[in-house]
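Values reported hereafter were calculated over all heavy atoms of this structure, with side chains retained and with hydrogens, waters and symmetry mates removed. Please read these numbers as outputs of a predicted model, since none were measured by experiment.
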2 protein chains.
Amino acid sequence: MQDPSGAKKRLKLWLSMLRTTRNVEYVLRDRLKSEFDTTLPRFDVMAALFRSDEGMSMTRLSEQLVVSNGNVTGIVDRLEQEGRVQRVTNERDRRATLVALTDLGRAEFAKMAAAHQRWIDEMLTPLAAEDTGRMTDMFQVLRDGMQSSGMDRQRKTKSKD
Amino acid sequence: MQDPSGAKKRLKLWLSMLRTTRNVEYVLRDRLKSEFDTTLPRFDVMAALFRSDEGMSMTRLSEQLVVSNGNVTGIVDRLEQEGRVQRVTNERDRRATLVALTDLGRAEFAKMAAAHQRWIDEMLTPLAAEDTGRMTDMFQVLRDGMQSSGMDRQRKTKSKD
DNA sequence: TGTTATTATTTCAAGTCAAAACTTTTTAAG
DNA sequence: CTTAAAAAGTTTTGACTTGAAATAATAACA
């Protein structure tokens, strides 16, 4: 028998996974741009802010999105220019900035999120209902495996050892 | 019952898929950098060239990798500087350039590909053997669905209708 | 009370990516 | 033959990304 360990099947799976994910991402980017004149990173930032009523600090934002702090600065800069978010300096700790959605940003995001859900729904519908849950579980298995090997990247919160 | 159409489950699946894919990509980028001083896009270009003995034109390269032609220019520029690929102008059609791996590039890529296979293997091993194939099939279902809705992005080759 | 360390954020350099404008070359029409 | 259209690449512009260095403010402590 060939490929006894299944190595080739795993490579094939990865290429398939990468291609599919990129394809979905491409559609999302494309529609966010054409329908809302925004981008996926900006959408992600707004989504995080939408979930928190009071807004978030830059650091917490970068932790939650698992991107560098310098990265968040640029994205928030643009959102601020567009009037969708607002920076407020914390007067108790003048190092910190609180970022929050403006009323405009909140209203716009509600529409974006609804559309985003529709798009995802449209793209993932071909999958049988039971496969949807099964696949989610498989991803969890993979992430657990990577985490236990220390190969994951979301361990910004310094462990206490 | 809540979520009768399964919309929430599909959103959850997408977020899980995105997170997992990014995590794998992160590991690959990280190791390509630390062990071979290269990047994923450069690896992808070398992989495409490795499969074709004669080399490829810039346009065919950008079609195959599904990235913009301007993008390929920059990546090939860097690979050329590193001495891993070579540009040869086609004398019959002086617009066209043929890009091919150098001997050095070919030798190096062989090592990179072996390591790449090991890394993938390592990360995807937690998945049961039958799930590996099953998941690959599910991705195929998704891509087929997207393609039939015209939502795929790899239709650069103008259809003849 | 003065360091010294830590924390929060921004800035910068290098690279990745897409889209659009542009150059050069080739092909097609008339 | 001359002009128009198409094709192959490159350049440019703008956005995103990381990691490192720079700023600034706060906390810790001897």
Inset, instruction - State which of C:dT10, D:dT10, C:dA18 makes the closest approach to the side chain of A:N69. - result: C:dT10
Legend entry - Minimum-distance nucleotide (side-chain atoms of B:P41 versus C:dT9, C:dC17, C:dG15): C:dC17
Inset, instruction - Could you tell me whether the side chain of B:L79 reaches within less than 4.5 Å of the side chain of B:M46, counting heavy atoms only? - result: yes
Inset, instruction - Compare the minimum distances between each of C:dT26, C:dT10, D:dA25 and the side chain of B:R94, then state the nucleotide with the smallest one. - result: C:dT26
Inset, instruction - Using a 4.0 Å heavy-atom cut-off across all strands, classify B:R60 as base, sugar-phosphate, or nothing. - result: nothing
Inset, instruction - May I ask you to evaluate whether A:N71 reaches the phosphate of D:dT18, defined as a side-chain N or O under 4.0 Å from OP1 or OP2? - result: yes
Inset, instruction - Indicate whether any N or O donor in one side chain lies under 3.5 Å from an N or O acceptor in the other, for B:R78 and B:T39. - result: no
Inset, instruction - State, without any angle test, whether A:S16 and B:R143 hold a side-chain donor-acceptor pair at a distance under 3.5 Å. - result: yes
Inset, instruction - Measure from CG on B:D30 to C1' on D:dG19 and round the result to the nearest Å. - result: 12 Å
Inset, instruction - Between D:dT10, D:dC16, C:dA8, spot the one nearest the side chain of A:A96, thanks. - result: C:dA8
Inset, instruction - Return the value, rounded to whole Å, for the distance between atom CG of B:L79 and atom P of C:dG15. - result: 12 Å
Legend entry - Sugar-phosphate only, base, or nothing, as touched by A:I75 at under 4.0 Å among non-hydrogen atoms: sugar-phosphate
Legend entry - Gap between atoms CZ and C1', on A:R92 and D:dA24 respectively (whole Å): 20 Å
Legend entry - B:R19 to A:F139, cation-pi by 6.0 Å centre distance and 45° axis angle: no
Inset, instruction - Take the C1' atoms of the five end pairs on each side of the helix from C:dT1-D:dA30 to C:dG30-D:dC1, get both axes, and report the angle to 10 degrees. - result: 10°
Inset, instruction - Starting from P on C:dC17, measure out to CG on B:L61 and report it in whole angstrom. - result: 13 Å
Inset, instruction - State which of D:dT18, D:dA15, D:dA25 makes the closest approach to the side chain of A:V67. - result: D:dT18
Inset, instruction - Calculate the interatomic distance between B:K33 atom NZ and D:dT17 atom P; express it in whole Å. - result: 16 Å
Inset, instruction - Mind calculating the distance between CD (B:E91) and C1' (D:dA8) to the nearest angstrom? - result: 15 Å
Inset, instruction - Taking only the side-chain heavy atoms of B:T39 (C-beta and beyond), determine which of C:dT9, C:dT16, D:dC16 contains the nearest atom. - result: C:dT16
Legend entry - N or O in side chain of B:R29 less than 4.0 angstrom from D:dT17 OP1/OP2: no
Inset, instruction - Select one nucleotide: of D:dG9, D:dC16, C:dT9, the one nearest the side-chain heavy atoms of A:R78. - result: D:dC16
Legend entry - Any N/O donor-acceptor pair, A:R95 side-chain to C:dT7 base, under 3.5 Å: yes
Inset, instruction - Answer with yes or no whether the hydrophobic clustering places B:M123 together with A:L15; edges join I, L, V, M, F, W, Y residues whose side-chain heavy atoms lie under 4.5 Å apart. - result: yes
Inset, instruction - May I ask you to say whether B:R29 pairs ionically with B:E25, meaning some side-chain N is under 4.0 Å from a carboxylate O? - result: yes
Inset, instruction - Would you mind reporting whether A:M58 and A:R87 have side-chain heavy atoms less than 4.5 Å apart? - result: yes
Legend entry - Pair A:F109 and A:F43, ring centroids less than 6.0 Å apart: yes
Legend entry - Closest to the A:D93 side chain, choosing from D:dT26, D:dT17, D:dG9: D:dT26
Inset, instruction - Could you tell me whether A:G70 contacts a base, only the sugar-phosphate backbone, or nothing, with contacts defined as non-hydrogen atoms closer than 4.0 Å? - result: base
Legend entry - Nearest listed nucleotide, side chain of A:T59, among C:dT11, D:dG9, C:dA8: C:dA8
Legend entry - Atom-pair distance (CZ on A:R87; P on C:dA8), nearest Å: 16 Å
Inset, instruction - Between D:dG9, D:dG19, C:dA18, spot the one nearest the side chain of B:S68, thanks. - result: C:dA18
Inset, instruction - Could you tell me whether A:R60 atom CZ has more than 12 heavy atoms of other residues or ligands within 6.0 Å of it? - result: no
Inset, instruction - Provide, to the nearest angstrom, the distance between the CG atom belonging to A:D77 and the P atom belonging to D:dT17. - result: 14 Å
